[in-house]
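Shown next, in structure tokens, is the structure this report addresses.
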Amino acid sequence: MSGIDRLGTTLPGRLADLAREHGVVGASLAVRQGDAVVRAATGVTNLRTGVEVTPDTLFQIGSISKSYTAALVMQLVDEGLVDLDAPVQTYVPDFTTAQPEAAARVTVRHLLNHTSGVDGDVFADFGRGDDCVERYVAAMSGLDHIHPVGSLFSYCNSGYVLLGRLVELVRGCGWDRALQEHLLRPLGVADSVTLPEEVLLRGSAVGHLPTGADGALEVAKAWHLSRALGPAGVISAPAHEVLALARMLTDDGRAADGTAVLSPASVKAMRQLEVELPDPYTLGAGWGLGVILFSLGPPLVFGHDGTTLGQNAYLRVVPDADLAVVLLANGGGAGGLFDALLRPLLSELAGATLNPVPEPPAVPPDVDPGPFLGVFERAGARLRVTGDDGRLWVQTTVTGPLAGTLPQEPPREVVALDDTTLVTAEADRRSGRHLTLKFLEPSGSGFGYVHFGARTTPRVAG
């Protein structure tokens, strides 16, 4: 009996036990190897209703949506309608930022691999109209570049909304329609949707956050990000339908029925290393075009993660083993569940090793705390690193539209991993993992940037 066949009898119990251990409200898991697919589900969709999660339950897949948007862009490349190294203004003439000269240098490739430098976490609501993505991009004229174009990696939601606008203008229709007509239907999926009224017609999960007494999980105050964020992260889907995207990206761009969705060259380009990440802990080793490279191998492991308001999603693909795994969860220690379940699973079925899990050292190295101290800020977030009696603390503050929807975190103690990296002394309540802060560009006044949560954030005060 093969590993995937044995999994069919053991996976439901493993998922249920580990989800309970890590305090996960509900989860859905789908595994494909070759033509065999195993699915499992556990928990509830909503603590208020107690409705059980099934393998067909829709979860928000968050930023895994970016891989879908990237595939739409690569289709345009295949058709000769877009050049990856052309300025974005070639296709979106109205695009600009608060630094117009920098905006003019941003290429399509910079957006796909998160090196544009555009401040990325803008979650303002631009309405439900079909012009919402257009309005979002118009408002980018007020955004700063947090680093020079092409110089550093910083995860950029606004860049993917801009790519969605590029798709709209070249295709002559809205992003939601382009997604359905040019990607989801060719992939043969029917329950991957973007609009709340479409989700309501299907069984769906809601997010949960630790906002109750003593950090108890409660239903999140908001269910969904605004429609304008669609190209960056609003797709809802059952876990097994995300496998359809993964299959296409391992089978030379073909859907399960043989339909050519992307060219083999575009699939190869998406999976090639474009930029190395500043630290190996937060996500992985590097970035391709619309996908994260979690391990450069052998074997190569690629995919994407997604986080929304109380929901988490994980996609891992191992092409050499023809293996893809999707885990979706709606609150609790989803990161801990991933580490306990998916890391061993990928090792068992594919011999794959992922990026290391950060842990505070038993005896932290002796480092000078001075260069770490200060305030770092970008749109949507402010980080303050302070010192007290030989100990270091970081205070992260959510700003902007999400400030009222996410719980305010207390100051967290951090300790040194090395002379440029700090790690939280305690695991994060929402992810179940220790978090790392990688500091970049040292100078006489301290580090110029901190890389936290895959974002590069500049120093604004000492």
Side-chain angles (χ1 to χ4, degrees), residues 3-4 6-32 37-62 64 203-221 223 236-240 242-243 303 305-316 324-349 354 357-359 406-407 409 424 426-435:
I4 188 73
R6 288 193 299 272
L7 198 63
T9 61
T10 62
L11 188 63
R14 287 168 68 180
L15 176 63
D17 290 345
L18 290 171
R20 191 178 308 111
E21 178 181 336
H22 292 277
V24 171
V25 175
S28 179
L29 179 65
V31 183
R32 180 190 68 81
V37 176
V38 176
R39 300 195 287 165
T42 191
V44 298
T45 65
N46 185 327
L47 285 174
R48 289 175 178 165
T49 65
V51 174
E52 292 186 355
V53 176
T54 76
D56 293 317
T57 297
L58 272 64
F59 286 74
Q60 294 175 30
I61 66 170
I64 298 177
S204 64
V206 303
H208 297 81
L209 292 169
T211 53
D214 298 322
L217 290 170
E218 294 182 324
V219 172
K221 294 180 181 179
W223 176 75
S236 290
H240 69 275
V242 182
L243 290 177
D305 287 351
T307 301
T308 61
L309 302 173
Q311 299 202 41
N312 297 89
Y314 306 90
L315 167 64
R316 298 294 182 272
V325 182
V326 177
L327 172 66
L328 309 177
N330 67 336
L337 173 61
F338 173 93
D339 291 332
L341 180 61
L342 263 62
R343 286 178 182 272
L345 190 63
L346 290 167
S347 178
E348 292 167 19
L349 297 179
L354 301 182
V357 178
E359 293 284 348
L406 296 173
E409 296 288 349
T424 55
E426 302 292 336
D428 177 64
R429 291 183 300 166
R430 282 179 282 172
S431 70
R433 292 177 175 171
H434 296 271
L435 307 178

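Below, all heavy atoms of this structure are taken into account, side chains as well, without hydrogens, waters or symmetry copies.
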For [X], which residues count as a side-chain hydrogen bond (donor to acceptor under 3.5 Å, both in side chains) partner, sequence neighbours excluded?
| X | answer |
| --- | --- |
| Thr307 | Asn312 |
| His22 | none |
| Asn46 | none |

Exercise: identify the closest heavy-atom pair between [X] and [Y]:
| X | Y | value |
| --- | --- | --- |
| Leu209 | Ala220 | CD1-CB, 4.0 Å |
| Pro55 | Ala41 | N-CB, 3.7 Å |
| Gly26 | Phe59 | O-CE2, 3.9 Å |
| Arg39 | Val37 | CG-CG1, 4.0 Å |

Non-neighbouring partners of [X] that pass side chain to side chain contact (heavy atoms under 4.5 Å, CB included), sequence neighbours left out:
| X | value |
| --- | --- |
| Thr424 | Arg412, Val414, His434, Leu435 |
| Thr54 | Asp56, Thr57 |
| Ala239 | Ser28, Ala30, Val326, Leu328 |
| Pro344 | Glu348 |

Please round to the nearest 0.5 Å and tell me the distance separating atom [atom1] of [X] and atom [atom2] of [Y].
| X | Y | atom1 | atom2 | answer |
| --- | --- | --- | --- | --- |
| Ile64 | Tyr314 | CD1 | OH | 10.0 Å |
| Leu29 | Leu345 | CG | CG | 7.0 Å |
| Leu7 | Arg14 | CG | CZ | 6.0 Å |

(request) Evaluate the side-chain proximity of Leu315 to Ile61: yes if any heavy-atom separation is below 4.5 Å, no if none is. (result) no
(request) Could you walk me through whether Val44 and Thr49 pass the side chain to side chain contact (heavy atoms under 4.5 Å, CB included) test, one step at a time? (result) CA-CA 8 Å; Val44 298; Thr49 65; over 6 Å; no
(request) For side chain to side chain contact (heavy atoms under 4.5 Å, CB included), just list the numbers for Leu354 and Phe338, CA-CA rounded to whole Å, side-chain angles, deciding distance to a tenth of an Å, and then say yes or no. (result) CA-CA 11 Å; Leu354 301 182; Phe338 173 93; 3.6 Å; yes
(request) Tell me, with the steps shown, if Val53 and Thr42 meet side chain to side chain contact (heavy atoms under 4.5 Å, CB included). (result) CA-CA 6 Å; Val53 176; Thr42 191; over 6 Å; no
(request) Would you sort out whether Val325 and Leu349 count as a side chain to side chain contact (heavy atoms under 4.5 Å, CB included), showing the intermediate values? (result) CA-CA 11 Å; Val325 182; Leu349 297 179; 5.7 Å; no
(request) Please name all residues satisfying salt bridge (Lys or Arg N to Asp or Glu O under 4.0 Å) with Arg48, sequence neighbours left out, ordered by chain then number. (result)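 Testing Arg48 for salt bridge (Lys or Arg N to Asp or Glu O under 4.0 Å), a comparison that skips the adjacent residues, returns none.
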(message) Test your reading of the model: is there a side-chain donor-acceptor pair from His208 to the backbone of Leu47, 3.5 Å cut-off?
(response)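 A pair under 3.5 Å: yes.
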(message) Whether the side chain of Gln311 engages the backbone of Gln60 through a donor-acceptor N/O pair (distance < 3.5 Å, no angle test) should be reported.
(response) yes
(message) Please check if the number of heavy atoms outside Glu52 that lie under 6.0 Å from its CD is greater than 12.
(response) no
(request) Name all pairs fulfilling the side-chain hydrogen bond (donor to acceptor under 3.5 Å, both in side chains) condition that reach into residues 330-340, sequence neighbours left out, sorted by first residue then second. (result)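 Found Asp339-Arg343, Asp339-Arg433.
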(message) Enumerate the salt bridge (charged side-chain N to carboxylate O under 4.0 Å, His left out) contacts for residues 306-316, please, sequence neighbours excluded, ordered by first and then second residue.
(response)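 Counting only pairs at least two positions apart or across chains, the salt bridge (charged side-chain N to carboxylate O under 4.0 Å, His left out) contacts touching residues 306-316 are Asp305-Arg316.
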